[in-house]
Amino acid sequence: MAQLLAVVGGGDLSTHAVLAAEALRKAAGRRSTPIALEIRGKGASSNPLPDAAIAGAKTVLLVGEGDLGEGRFGALHRARAAIEDVLTDVNAVFDRLSVGAEPPSPAASTAASPKKIVAITSCPTGIAHTFMAAEGIQAAAQALGHDVRVETQGSVGARDALTAAEIAAADIVLIAADTGVDRARFAGKRVYTTNTKAAIRDGKGLIATALAEAQMQAAGSAEATADGPARPAAAETKAGAYKHLMTGVSFMLPFVVAGGLLIALAFAVGGIDAMKPENAGTLGYALGEIGAKAAFALIVPALAGYIAYSIADRPGIAPGMIGGMLAANLQAGFLGGIAAGFIAGYTTAFLNKHIRLHKNLEGLKPVLILPLLATTITGLLMVYVVGMPVAAVLAALTEWLKGMQGASALLLGLVLGGMMAVDMGGPINKAAYASSAALLSSGVDAPMAAVMLGGMTPPLGIALATRLFPSRFTAPEREAGGAAAVLGAAFITEGAIPFAAADPLRVIPSMVAGSAIAGAIALTSGVTLKVPHGGLFVLPIPNAVTNVTGALIALAAGTLVTGLLVGFLKKRAA
């Protein structure tokens, strides 16, 4: 009997999906039916079906709802069942398979033919997830026989930018991004939007789903449609406050990096008093002015402006930045900037949706009406409602962080360091990173040290384990250990993802323990960091890191803990 394929889509019911998959596995075993199983959640798969299994099957059982990657199955016959049916009477589900299955849908058959795809990948820092997602899409498209061009976007801008001719010739536009992406140039094209993880985990399934579910991008400028065109339902579930915040952080980071390094260089050139008024005219004073009073002054406005941009597109930038400047002037800092960004963004989107003008006057909305009204509303709310309470909260938080020592520093270091290793670039990691980077604008630079050292530890610890315990790893994993070391040295935590995915129950707790140790040692020994990235490469820069020795000790201790725990807990490789 030909092998049976089964895809179980759980969505938010991931536990039910696992139980249903196990029931199918046992039922297939009782019937001596070869079966290959895949569990999908929110558009990505942790165990995608191999190409060989798909090629050797005649029927696929689709269980549950949502994105099941149906486009991969070409001419295979399909059978469908609800998760509840499988859990209550799995034998009846198998009995129905013998009666017959439906033919493939026209969309699935169409998806099997070669297509021209253009794609954009983007993450807040534009370093790891951006390029991992691009590689996932490129490798999957090549394996499926599609032609693809990928543009990568990060905090340093776009690379390999798509041309107008390439966009015009494309069958679909695939956007895999954790930040907002301007889609105005894709008017009239079929567009599918998701996050970078979907591309990293299951590029083939993502491409198949995109070909089947991409929707037409509405014509007209982004300014005239700030609420954006209709998106696929799968994409809508991935948007929201987190994505808007990460867009703001992405655009904020270059200001933090430039300002922090310039301030460090000012102290290196002119000494600890370089920025005092009596040293005006010196090189150190000039560097300090550029870093502290120009770059750092724009951190909060950039954060707020691009949160609003993510929500309301270009009309949100001016109200958001002005609200962010008010937050800075009111001493509300990055917390006020976040509030201003969301207020400006949602206000602009609301006004754009509900203000209707004659078509001859529609052009006034993005350049006059929306900036004026949204800025006025945002500004008044910041001045009279939001600003002072948030400023008080930020002041209390800043004083606590600057004065922490002993048990409080130890606990905060454990938490921040551990958060960096829990999901290695996911929401928990980014929450710790974004909050610590934003605190730099308020002069609080200790949490950033715990975050960077905690984020470097997982790939470095894995690399150490591959050398100390080679029998625990396969030959390809031992070879990948060297690459993980380089990524860890550059503060790219994602270098540990392949090892964690292969053995999560042993590897992830080991990494969390090592990162927590690194963060705790960093904060209790007074390590501070003035820039939000760079890894080992920022250590030689004078004054960028306070207590370099303590930072190296924290990093070495965390790496050793992770390396030893991974080696002791992992089983010998087959």
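Please read all numbers here as calculations on a predicted model, not as lab measurements.
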Problem set entry | Met325 and Val300: CA distance, side-chain angles, deciding distance, side chain to side chain contact (heavy atoms under 4.5 Å, CB included) verdict | CA-CA 7 Å; Met325 183 61 74; Val300 175; over 6 Å; no

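- Using the six-membered ring where Trp is involved, Tyr306 and Tyr309 have ring planes that are perpendicular, over 60° apart on the 30 and 60° scheme.
- Atom OG1 of Thr457 and atom CD1 of Ile462 lie 11.5 Å apart (nearest 0.5 Å).
- A heavy-atom distance below 4.5 Å is not found between the side chains of Leu245 and Thr247.
- For Phe537 and Phe491, the ring centers sit 6.0 Å or farther from each other.
- In terms of modelled atom types and a separation under 3.5 Å, the side chain of Ser310 and the main chain of Ile307 share no donor-acceptor contact.
- Remark: Tyr433 OH to Met420 CE distance equals 8.0 Å, nearest 0.5 Å.
- Arg467 places a side-chain N or O within donor-acceptor distance of the main-chain N or O of Arg478, the cut-off being under 3.5 Å.
- Stacking of Lys570 on the aromatic ring of Phe473 is recorded, both the 6.0 Å distance cut-off and the 45° axial limit being met.
- Between Gln153 and Ile120, some side-chain heavy-atom pair lies under the 4.5 Å cut-off.
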For this session: Give the intermediate values and the outcome of side chain to side chain contact (heavy atoms under 4.5 Å, CB included) for residues Ser525 and Ile553.
Result: CA-CA 10 Å; Ser525 58; Ile553 291 172; over 6 Å; no

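- In this structure the side chain of Leu262 never reaches within 4.5 angstrom of the side chain of Phe296, judged on heavy atoms.
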Problem set entry | Verdict with reasoning, Val422 to Ile508, per side chain to side chain contact (heavy atoms under 4.5 Å, CB included) | CA-CA 7 Å; Val422 169; Ile508 292 179; 5.6 Å; no

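- Thr546 has its side chain out of reach of Val527: every pair of non-hydrogen atoms, C-beta onward, lies at least 4.5 Å apart.
- Atom CD of residue Glu399 and atom CG of residue Leu394 lie 10.0 Å apart, to the nearest 0.5 angstrom.
- With hydrogens and angles ignored, the 3.5 Å screen pairs no side-chain donor or acceptor of Arg506 with any backbone N or O of Leu565.
- Atom CE in Met275 sits 7.0 Å away from atom NZ in Lys293 (nearest 0.5 Å).
- A distance-only check finds no donor-acceptor pair linking the side chain of Asn279 to the backbone of Thr282 [under 3.5 Å].
- Between the Thr562 side chain and the Thr559 main chain, no donor and acceptor come within less than 3.5 Å of each other.
- Rounding to the nearest 0.5 angstrom, the gap separating the OG1 atom in Thr194 from the CD1 atom in Ile175 is 10.5 Å.
- With contacts defined as side-chain heavy-atom distances shorter than 4.5 Å, the pair Arg25/Leu37 qualifies.
- Looking at Ser515, its side chain never comes within 3.5 Å of a backbone N or O of Gly418 through a donor-acceptor pair.
- Considering only heavy atoms from C-beta on, Phe131 stays 4.5 Å or farther from Thr121 through its side chain.
- Between Ala134 and Val150, the shortest heavy-atom contact is CB-CG1, 3.7 Å.
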For this session: Check the pair Leu287, Ile263 against side chain to side chain contact (heavy atoms under 4.5 Å, CB included), reporting the backbone distance first and the verdict last.
Result: CA-CA 7 Å; Leu287 291 172; Ile263 292 171; over 6 Å; no

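- The two atoms that bring Ala176 and Thr196 nearest to each other are O-CG2, 3.5 Å, heavy atoms only.
- Summarising the geometry of Gly567 relative to Arg472, their closest heavy-atom pair is O-NE, 3.0 Å, with the distance given to 0.1 Å.
- With rounding to the nearest 0.5 angstrom, the CG atom of Asn429 is 8.5 Å from the CE atom of Met419.
- Contact between Ala551 and Leu453 at its shortest, heavy atoms only, is O-CD2, 3.8 Å.
- Taking each heavy atom of Phe499 and Gly481 in turn, the nearest pair found is CZ-N, 4.0 Å.
- Between Ile39 and Val7 the shortest side-chain heavy-atom distance does not fall below 4.5 Å.
- In this structure, the side chain of Tyr285 does not engage the main chain of Gly270 through any donor-acceptor pair within 3.5 Å.
- Scanning all heavy atoms of the two residues, the minimum distance from Pro459 to Ala496 falls at N-CB, 3.9 Å.
- Distance alone, capped at 3.5 Å, places no donor-acceptor pair between the Thr528 side chain and the Ala446 backbone.
- Residues Leu439 and Asp445 are not in side-chain contact: their nearest non-hydrogen atoms beyond the backbone lie 4.5 Å or more apart.
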